[in-house]
Protein chains: 2
Amino acid sequence: MNKNTLSSFVKSRRKILGLTQVDLALKSGVGLRFVRDMEQGKNSLRVDKINQVLYLFGHVMSPVNIGGSDNVEES
Amino acid sequence: MNKNTLSSFVKSRRKILGLTQVDLALKSGVGLRFVRDMEQGKNSLRVDKINQVLYLFGHVMSPVNIGGSDNVEES
DNA sequence: TTGTTTTATACCCTTTAAGGTATACTAATG
DNA sequence: CATTAGTATACCTTAAAGGGTATAAAACAA
């Protein structure tokens with residue numbers, strides 16, 4: 001389990017919206033277990049499921065340059 | 001099967017390096033079938049496997065804003 | 001055309017992600 | 001302290017991803 005950017009991104013975004021993991025699972029349509037796996041940095045997740053969650057944050061998974069600034073490209 | 005950016009990204013990058021699908025599979029350590037699924041826009045792929053391939057291109061999957069310019073953020 | 005290389009499709013098998021449920025562990029509150 | 005809300009961990013089942021192989025279809029060269 002990594003110090004993953006996706007992990008921290010989801011966790012922080014979720015809290016900004018004032019959602020619990022349960023809320024996020026319901027709104028995105030993925031299982032609660034999946035949300036938890038994401039936030040704990042599991043890296044063998046399916047990208048379509050990840051996107052299902054990221055859509056709520058107006059984001060999608062996409063190829064970016066390695067070392068492309070530490071933050072997740074602007075807001 | 002989508003008009004996926006990942007699909008076209010991998011395909012074009014691979015050709016730039018003059019690799020066949022077999023070459024890419026061998027160099028990245030994923031199966032040939034996986035490379036083909038990627039290039040055909042299958043969207044239920046595991047993100048760690050995708051990254052295994054993208055590393056060869058100096059890229060990783062990361063959350064980006066939806067509509068964050070159509071191209072894949074510079075070269 | 002034929003031959004060769006690359007890519008696409010199809011089948012089967014093994015592994016495992018995803019989800020559900022239940023249980024524990026933490027914060028937090030009162 | 002106890003009670004609750006939120007999060008983490010564990011077990012089980014099902015569906016499907018990933019990989020291998022084989023075949024077919026393109027793509028390109030001779």
Side-chain angles (χ1 to χ4, degrees), chain A residues 1-66 70-72 75, chain B residues 1-66 70-72 75:
Chain A
M1 297 292 183
N2 280 322
K3 191 273 172 188
N4 189 319
T5 88
L6 179 63
S7 165
S8 24
F9 178 79
V10 171
K11 196 175 296 188
S12 67
R13 282 296 184 130
R14 174 174 64 80
K15 304 215 160 171
I16 290 175
L17 298 186
L19 301 175
T20 67
Q21 290 176 339
V22 176
D23 295 333
L24 185 57
L26 289 175
K27 292 193 72 169
S28 62
V30 303
L32 175 56
R33 273 268 319 277
F34 185 84
V35 171
R36 290 176 173 160
D37 286 343
M38 282 187 80
E39 295 200 356
Q40 277 151 51
K42 183 173 178 182
N43 55 3
S44 53
L45 303 169
R46 275 170 49 177
V47 69
D48 60 332
K49 293 286 173 183
I50 297 176
N51 284 333
Q52 226 175 306
V53 174
L54 292 187
Y55 285 148
L56 292 179
F57 307 138
H59 284 66
V60 282
M61 291 296 271
S62 190
V64 300
N65 288 334
I66 292 179
D70 220 7
N71 50 29
V72 184
S75 175
Chain B
M1 296 291 182
N2 281 321
K3 190 271 172 190
N4 189 319
T5 88
L6 179 64
S7 166
S8 24
F9 178 78
V10 171
K11 196 175 295 189
S12 66
R13 281 296 183 130
R14 175 174 64 79
K15 302 214 161 173
I16 290 175
L17 298 186
L19 302 175
T20 67
Q21 291 177 338
V22 176
D23 294 334
L24 185 56
L26 289 175
K27 292 193 72 169
S28 62
V30 303
L32 176 56
R33 272 269 319 276
F34 185 83
V35 170
R36 289 174 175 162
D37 286 344
M38 283 187 78
E39 297 199 355
Q40 276 150 52
K42 184 174 178 181
N43 55 3
S44 54
L45 303 169
R46 276 172 48 176
V47 69
D48 61 332
K49 293 283 173 184
I50 296 176
N51 284 333
Q52 227 175 304
V53 174
L54 292 186
Y55 285 147
L56 292 179
F57 307 138
H59 284 67
V60 281
M61 290 296 271
S62 193
V64 300
N65 288 333
I66 293 180
D70 218 6
N71 49 28
V72 185
S75 172

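Just so it is clear, the structure is predicted and the values come from calculations on it, not from any experiment. All chains are named by letter (A, B, ...) in the order of the sequence lines, taking the proteins before the strands, and each is independently numbered beginning at 1.
- In this structure, NZ of A:Lys11 is placed 12 Å from C1' of D:dG6, rounded to the nearest angstrom.
- Counting to the nearest Å, the C1' atom of D:dA5 and the CG atom of A:Leu19 are 15 Å from each other.
- Taking atom CE of residue B:Met38 and atom P of nucleotide C:dT7, one finds them 14 Å apart after rounding to whole Å.
- The CG atom of B:Leu17 sits 10.0 Å away from atom CG of B:Asp23, with the distance rounded to the nearest 0.5 Å.
- When atom types are taken as modelled, the side chain of B:Asn51 and the backbone of B:Asp48 share no donor-acceptor pair closer than 3.5 angstrom.
- OP1 or OP2 of C:dT7 has not a single side-chain nitrogen or oxygen of B:Gln40 nearer than 4.0 Å.
- Here B:Gln21 reaches the OP1 or OP2 of C:dA8: one of its side-chain N or O atoms lies under 4.0 Å away.
- Summarising the geometry, atom NZ belonging to A:Lys49 is positioned 10.5 Å from atom CG belonging to B:Asn43; distances are rounded to the nearest 0.5 Å.
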Scan the side chains in residues 26-33 of chain A for donor-acceptor partners under 3.5 Å anywhere in the protein, sequence neighbours excluded, and list what turns up.
from	atom 1	to	atom 2	distance (Å)
A:Ser28	OG	A:Leu24	O	2.7
A:Ser28	OG	A:Ala25	O	3.4

>> Counting primed atoms plus P, OP1 and OP2 as sugar-phosphate and everything else as base, spell out the protein contacts along nucleotides 14-22 of chain C at 4.0 Å heavy-atom distance: B, S or - for each nucleotide, 5' to 3'.
In response: ---SBBBB-

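- At a threshold of 4.5 Å between non-hydrogen side-chain atoms, the residues A:Arg13 and A:Leu54 do not count as touching.
- For A:Asp37 (side chain) and A:Phe34 (main-chain N/O), no donor-acceptor pair under 3.5 Å exists by modelled atom type.
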